[in-house]
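Chain naming here is simple, since letters A, B, ... match the order of the sequence lines and numbering starts at 1 in each. The model shown is predicted, which means the values in this text are computed figures rather than measured ones.
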Amino acid sequence: MADFALLKAEQQLLAAQVVREGLSPDFVPRFIAGGDTGFEENGTVARAAIVILHWPSLEMAEHRVARVPVTLPYVPGYLSFRECPALLAAWQQLTHRPELMFIDGHGVAHPRGLGLASHFGVTVDIPVIGVAKRRLCGDYQALSATPGDCQPLMYQQRQTGWVLRSKARCNPLFISAGHRVSDDMALYWTRQCLRGYRLPEPTRLADAVASQRKGFLRYLNRQ
DNA sequence: GCGACAG
DNA sequence: ATCTTGTCGC
């Protein structure tokens with residue numbers, strides 16, 4: 001079994017390296033990436049997918065998948081140690097260098113400020129935004145039913161991100177800075193990448209690739 | 001002690 | 001995350 005006390009100490013060291021600012025108002029990326037992880041072989045193998053999209057069209061320019069044996073069980077608060085290896089393997093296969101990336105999971109909206117998006121961000125040192133579908137920690141005021149509405153996510157009297165109603169009749173998204181982005185820019189760019197679905201395009205497409213949705217891969221290989 | 005708990 | 005079809009609601 002893993003030594004979580006040791007992993008906790010490592011998280012604290014990495015968390016100290018997280019930069020919660022970046023992306024000036026005039027920032028214009030050429031490529032935006034999206035990353036997500038799935039599992040196969042009864043959960044013994046992690047399958048990470050990273051997609052590269054053109055900005056502002058958000059059309060896919062590249063997509064890579066990496067399979068890596070799982071070394072740790074899923075334990076809330078320690079997810080990054082489970083998924084980072086596979087994500088890094090996919091990252092090394094890329095031929096494009098994105099200026100911004102979205103990852104399925106929390107950034108600093110984590111008990112020790114080091115969710116997957118922050119862990120990966122600090123490791124590759126590029127701007128990363130965390131997009132989670134569920135809350136890990138923190139509280140927030142109720143959201144209205146209006147699409148686009150948002151509320152700050154608070155944890156121990158500090159804002160750790162935003163809760164965003166990205167689409168009508170859908171559960172909200174939990175947006176947080178991963179690395180080299182501010183809370184506001186994380187929210188801004190997430191909104192910029194929304195195209196009518198609950199998830200922003202980078203994460204939505206990475207999820208489609210990682211989960212190998214039937215018909216999606218066939219769709220990619222055609223045209 | 002009890003409840004919460006990303007993917 | 002994953003095992004899985006149809007079904008109710010907007």
Side-chain angles (χ1 to χ4, degrees), chain A residues 2 4 7-8 11 14-15 18 34-50 65-90 101-123 128-140 143-147 149 153-156 160-179 183 186 190 196-200 202-216:
Chain A
F4 287 95
L7 295 181
K8 182 176 180 180
Q11 285 186 319
L14 291 169
V18 173
D36 185 33
T37 306
F39 296 85
E40 53 187 45
E41 301 300 318
N42 292 311
T44 60
V45 175
R47 178 182 55 230
I50 293 183
V65 175
R67 287 164 225 279
V68 172
V70 167
T71 59
L72 296 170
Y74 165 65
V75 176
Y78 294 87
L79 174 70
S80 65
F81 292 102
R82 224 171 107 75
E83 307 193 352
C84 252
L87 229 32
L88 287 171
M101 181 169 183
F102 285 80
I103 286 182
D104 191 313
H106 292 288
V108 298
H110 174 282
R112 290 170 293 286
L114 196 82
L116 176 61
S118 292
H119 191 150
F120 185 84
V122 165
T123 302
V128 178
I129 293 170
V131 180
K133 296 181 288 297
R134 299 179 62 181
R135 182 196 71 111
L136 207 210
C137 63
D139 301 285
Y140 57 97
L143 294 166
S144 73
T146 309
D149 187 32
L153 176 61
M154 306 296 289
Y155 181 61
Q156 299 181 335
T160 54
W162 295 96
V163 185
L164 171 68
R165 174 137 274 143
S166 57
K167 181 181 179 181
R169 301 181 302 283
C170 285
N171 290 322
L173 256 31
F174 296 80
I175 311 302
S176 60
H179 185 52
D183 294 340
T190 296
Y197 295 92
R198 177 161 83 125
L199 301 178
T203 283
R204 189 178 75 83
L205 296 175
D207 179 78
V209 173
S211 55
Q212 298 181 132
R213 295 232 187 82
K214 218 165 188 175
F216 186 72

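In this structure, the separation between CZ on A/R82 and CG on A/L7 is 13.0 Å, given to the nearest 0.5 Å. For the atom pair CG of A/L72 and OG of A/S80, the computed distance is 9.5 Å after rounding to the nearest 0.5 Å.
In this structure, the side chain of A/Q11 engages the main chain of A/G77 through a donor-acceptor pair within 3.5 Å. The main-chain N or O of A/R198 is never found under 3.5 Å from a side-chain atom of A/R204 such that the two would form a donor-acceptor pair.
Contact annotation: A/R135 side-chain N/O to B/dC5 OP1/OP2 distance is under 4.0 Å. Note on A/R169: every side-chain N or O is 4.0 Å or more away from OP1 and OP2 of C/dC10. OP1 or OP2 of B/dG7 sits under 4.0 Å from a side-chain N or O of A/K133.
Judged by centroid separation below 5.5 Å and plane tilt below 30°, A/F174 does not stack onto the base of B/dA6.
Taking atom CG of residue A/L136 and atom C1' of nucleotide B/dC5, one finds them 7 Å apart after rounding to whole Å. To the nearest angstrom, C1' of C/dT2 lies 13 Å from CG of A/D207. Protein atom OH of A/Y78 is 17 Å distant from nucleotide atom P of B/dC5, rounded to whole Å. Rounded to whole Å, the distance from CD on A/E83 to C1' on B/dA6 is 8 Å. Atom CG of A/L87 and atom C1' of C/dA1 are 14 Å apart (whole Å). The CZ atom of A/R82 sits 14 Å away from the C1' atom of B/dC5 (whole-angstrom rounding). Taking atom CG of A/D139 as the reference point, atom P of B/dC5 lies 10 Å away to the nearest angstrom.
Of all nucleotides listed (C/dT2, C/dA1, B/dA6), C/dT2 comes nearest to the side chain of A/R47. Closest contact between the side chain of A/D104 and the listed nucleotides B/dG7, B/dC5, C/dT2 involves B/dG7.
At a threshold of 4.0 angstrom between heavy atoms, the contacts of A/G43 with the nucleic acid are absent. Using a 4.0 Å heavy-atom distance criterion, A/G130 is classed as making no nucleic acid contact. Among the protein residues, A/F39 comes within range of the sugar-phosphate backbone only, with heavy atoms under 4.0 Å from sugar or phosphate atoms but none that close to a base. Using a 4.0 Å heavy-atom criterion, one finds that A/N42 contacts no nucleic acid atom at all.
Under a cutoff of 6.0 Å and an axis angle of 45°, A/R135 and A/Y140 do not form a cation-pi pair.
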